[in-house]
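We name chains A, B, ... by the order of the sequence lines, and we start the count at 1 in each one.
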There are 2 protein chains.
Amino acid sequence: MSLGKQFIGFEQSGEGTDVLKSINPATGETLAQFSKATSAEIERAVAKAAAAFQVYRKMSGKQKAAFLDAAADEIVGLGEELVNICCAESGLPQARIQGEVGRTAGQLRLFANLLKEGSWVDARIETAIPDRTPLPKPDIRYMQIGLGPVVVFGASNFPLAFSAAGGDTASALAAGCPVIVKAHSAHPATSSLVAGAVIKAAKATGMPDGVFSLVFGDGSTAGTQLVKHPEVKAVGFTGSYSGGKALFDAAVSRPVPIPVYAEMGSTNPVFILPEIAKSQAETFAKGFSGSVTLGVGQFCTNPGMLIYEKENGAELTTQLETQFAQTAGNVMLTSGIYKAYNQGVEHHLSVAGVETLAKGAQSDALNTASPILFKTNSQVLGDNPQLSEEIFGPTSLVVEAQSKEDILNIARNLTGHLTATVHGTEKDLTDYKDLLDILEQKVGRIVINGFPTGVEVCHSMVHGGPFPSTTDGRSTSVGSAAIERFTRPVSYQGLPQSLLPDELKNSNPLGIWRLVNGTTTNGTT
Amino acid sequence: MSLGKQFIGFEQSGEGTDVLKSINPATGETLAQFSKATSAEIERAVAKAAAAFQVYRKMSGKQKAAFLDAAADEIVGLGEELVNICCAESGLPQARIQGEVGRTAGQLRLFANLLKEGSWVDARIETAIPDRTPLPKPDIRYMQIGLGPVVVFGASNFPLAFSAAGGDTASALAAGCPVIVKAHSAHPATSSLVAGAVIKAAKATGMPDGVFSLVFGDGSTAGTQLVKHPEVKAVGFTGSYSGGKALFDAAVSRPVPIPVYAEMGSTNPVFILPEIAKSQAETFAKGFSGSVTLGVGQFCTNPGMLIYEKENGAELTTQLETQFAQTAGNVMLTSGIYKAYNQGVEHHLSVAGVETLAKGAQSDALNTASPILFKTNSQVLGDNPQLSEEIFGPTSLVVEAQSKEDILNIARNLTGHLTATVHGTEKDLTDYKDLLDILEQKVGRIVINGFPTGVEVCHSMVHGGPFPSTTDGRSTSVGSAAIERFTRPVSYQGLPQSLLPDELKNSNPLGIWRLVNGTTTNGTT
């Protein structure tokens, strides 16, 4: 089996002899082999990215948009070849992967449209007042610019939408930053195909060599080398707490610290309030069981905890038992993830006061998770805070509370999460307004009468949240606001019109929305 | 002499016996004494801030604006008493302090107006499409909310505008965050007066106890306790590299890391291009000498380095010699700052290849700096990178370059700075477009044909820059964009209209600008 190569900009390179195997988790079969990047190859990728930045940052929004649109087209154009290898590497079913191809292309096009529209740069203009007293007011103009080369770590659980050309890559490229992807070791063949498509799009649209690179390797070696490199200016990551926190620690201890946007997942608590718990027990239990086991529970927004008051929960508990028993598992992304899932399940089983409420279909197939629903009470949860930590997979913990105050206390003790979900009638929600106030301070997104899985890619999405759900709760990794992670503002004072970027010229040639002398306008100045 | 007390919210407290002396740097006289905060007092201030956050965060923009406006009025109302004590503590002249009172009030009012207008929250709305296929689109709404209690470290060099109720405090309060100020030890009496004014305003406008506190103490004890406190969510700081970096390191190594916005100053290089160097030598030399010595050189944006090509600089060098000789120093803020200035000057004098080009008026008065202008060449600068580090005070280093390429190389080797300044005719600027491109990546603000001192407080200002000028180059500490440092976005999915914040209701009761289904509008939805 020949060794697949890195994409060091437009060059394919496989100098190393260390091998990364692409494994089918359902069969254990080796699908392909890849050469892990050498230190010299990584150095070259970064040098190319730094050089490309000088060209790419000066390209217009429309030029960058053409690149992103072309990348979307090329990825979609990979068709069945991509779907097949991605399914084989990830164990995920075809319909899911087909959907993910669409989402990946959709994200690239969302950012392309953001660039074509152009107002995202947050342009601000204050014109001069030469005769102001006691001092003249200078002409000052402000906009966001790209930070520089960004390193993206592909996620295991979205082999397309949060990997080689996923949300982090799309938002960084949109911000004007070249990207070096450290491919996730669970799907190197998928990453390689996608990288080839991105490179083809880059060439076709006249992008500089180095605007995109993809390397294979381990987080602790290749990953650390990338994060520590002086020319790297920011990092995007989706994965485990230990992985994300290690990158954060490496980045803040550099001689020049850089931002790390690590989305590290969370337990995503769900609260069901009295009226709904009683009136909608069956519907809720069905929806909840589906959300817990969707994609074998391998979502960052998987609802890992369900809280309700015991006195309203008799019917609900019965329905959860019934509905959850009808779920089934499937093969997990990797054998490592499967092992970690089982360890998490065993931990819960070992805690006194935690019982098994229901089990989904049990399976002995290779790396195939068996869904399990646990039940405990608020007292046991309070005594065993590790019960509130995420188990990545098709499981959740039902927590019976004694009272509304008990529910509020559980909420107050939450650490940072990506989402919190509340099910309630309008009366429930009004009665529990104080719960919503607490949750707003704990999460990036509050979901009412829905489920947290299924993250809409749009302008108003926050897929982020306070630590430890991410390393930077001031940001989102999904949706158009993700671009803000990779930019910084710059002011130009007294620069002649001819030398100003188009975004800041009086004539407003791009027709973008700007704050001009304190007034929001898309007109000229 | 009785001991001045902390402001622990609305309570004045002086439990400690450690004493902080307010010293007049011009005379060495002790003006007043203050009790340093005990650990218990700091704990109480944070607990009050955390409790106040729950009330303050829910107040409307107009209510918060009334508080900020009232604080501005109260500070201005302190009149001569404030100006006199501030001049005595800082050694700064009356006109400067009177101007700074105006700037401080102006900053508070700028943020009050931002809150009254309301669009700063970056509201985004995407309405539901229940019949979308394959999945319904949910209703999702996004806005910025405050992070929680913020600790502000007062700056030595702006005893009003970047101290107790300065830019960091104003922007954090505007963001909805209670503030605990660690007063700078160089002007405790000024800080105490201002804190009293803020508390008076808070009471008069119905703010919760704990929305503002001010404590005295040392950075390494009181400061560290504040930054490490779990209820503290962000830090604002203006001061030295060593001080800011220590806070950053403390904050990122917390169990829950928090952002630190430390503005640590910089050398603010100035480039003068060939045509202007020849045609405007006298005017430039006069302006430059004034900028270097303004406020005894005690500005973060003080121009500490001047670069030009030797072959164009004969007349300029002569004029700098002449003009700089006419400058005078004055008493510095503290004896410590005076000592550090002299050490910096002595270091420059000790480097082979660095000569004294000119000296301002020499003085033997207590803590009074004597301006000095150094000269070297690009070779010596390259061999002695520490020459490019900031000396806080009335001094600058003239660097003769050999060629345009030499100039570009100096620019490429710059670390992060707050500002870079370029003087040139339109032809010069066009010829040196590549210099501007390099500088844009090194600084937060590019100044053309002006001087970096005199930072305009407005919407389009960036007073920030890449590390080491700040610990977070994605932000500004001056101007209305400073509010963004203390917020994070939150999404509400499916929340009923009645429970949505006014900023996100369909009826747009605040009339703010929002992004609704991708379109910028200040109308209803």
Practice task
Let me know if B/Gln441 has heavy atoms under 4.5 Å from chain A in its side chain, its backbone, both or neither.
Solution key: both
Handout entry: Under 4.5 Å from any heavy atom of chain A - which part of B/Pro489
Key = both
Exercise for the section: Could you grab the distance from atom CD of A/Glu440 to atom NZ of B/Lys58, nearest 0.5 Å is fine? Expected result: 4.0 Å
Practice task
Could you tell me the separation between the OG atom of A/Ser119 and the CG atom of B/Leu515, rounded to the nearest 0.5 Å?
Solution key: 8.5 Å
Problem - chain A contact via B/Ala481 - side chain, backbone, both or neither, heavy atoms under 4.5 Å - result: both
Problem - B/Ser460 OG to A/Arg514 CZ distance, which is reported to the nearest 0.5 Å - result: 11.5 Å
Problem - Over all atoms of both residues, closest heavy-atom pair of B/Arg488 and A/Gly473 - result: CB-O, 3.3 Å
Exercise for the section: Using non-hydrogen atoms and a 4.5 Å limit, figure out which bit of B/Asp472 sits close to chain A: side chain, backbone, both or neither. Expected result: side chain
Practice task
Please flag which part of B/Val443 lies under 4.5 Å from any non-hydrogen atom of chain A: side chain, backbone, both or neither.
Solution key: backbone
Fill in the blank from the handout: Turns out that what part of B/Glu126 lies under 4.5 Å from chain A's heavy atoms comes down to both
Handout entry: Closest non-hydrogen atom pair, A/Ser491 against B/Val462
Key = OG-N, 2.9 Å
Fill in the blank from the handout: Whatever's closer than 4.5 Å to a heavy atom in chain A on B/Pro134 counts as neither
Exercise for the section: Check whether B/Ile438 gets within reach of chain A through its side chain, its backbone, both or neither, counting any heavy atom under 4.5 Å. Expected result: neither
Completion exercise
Bottom line for B/Ile125: the part with an atom under 4.5 Å from chain A's heavy atoms is backbone
Completion exercise
Output for pair (A/Ile448 CD1, B/Leu500 CG), nearest 0.5 Å, gives 9.5 Å
Exercise for the section: Can you tell which part of B/Thr421 gets under 4.5 Å to a heavy atom of chain A, answering side chain, backbone, both or neither? Expected result: neither
Completion exercise
Closest non-hydrogen atoms of A/Arg474 and B/Thr487, given as atom of the first, atom of the second and distance, are CG-O, 3.5 Å
Handout entry: Residue B/Arg132 versus chain A: region with a heavy atom under 4.5 Å
Key = side chain
Problem - Euclidean distance, A/Thr419 OG1 relative to B/Gln493 CD, rounded to 0.5 Å - result: 9.0 Å
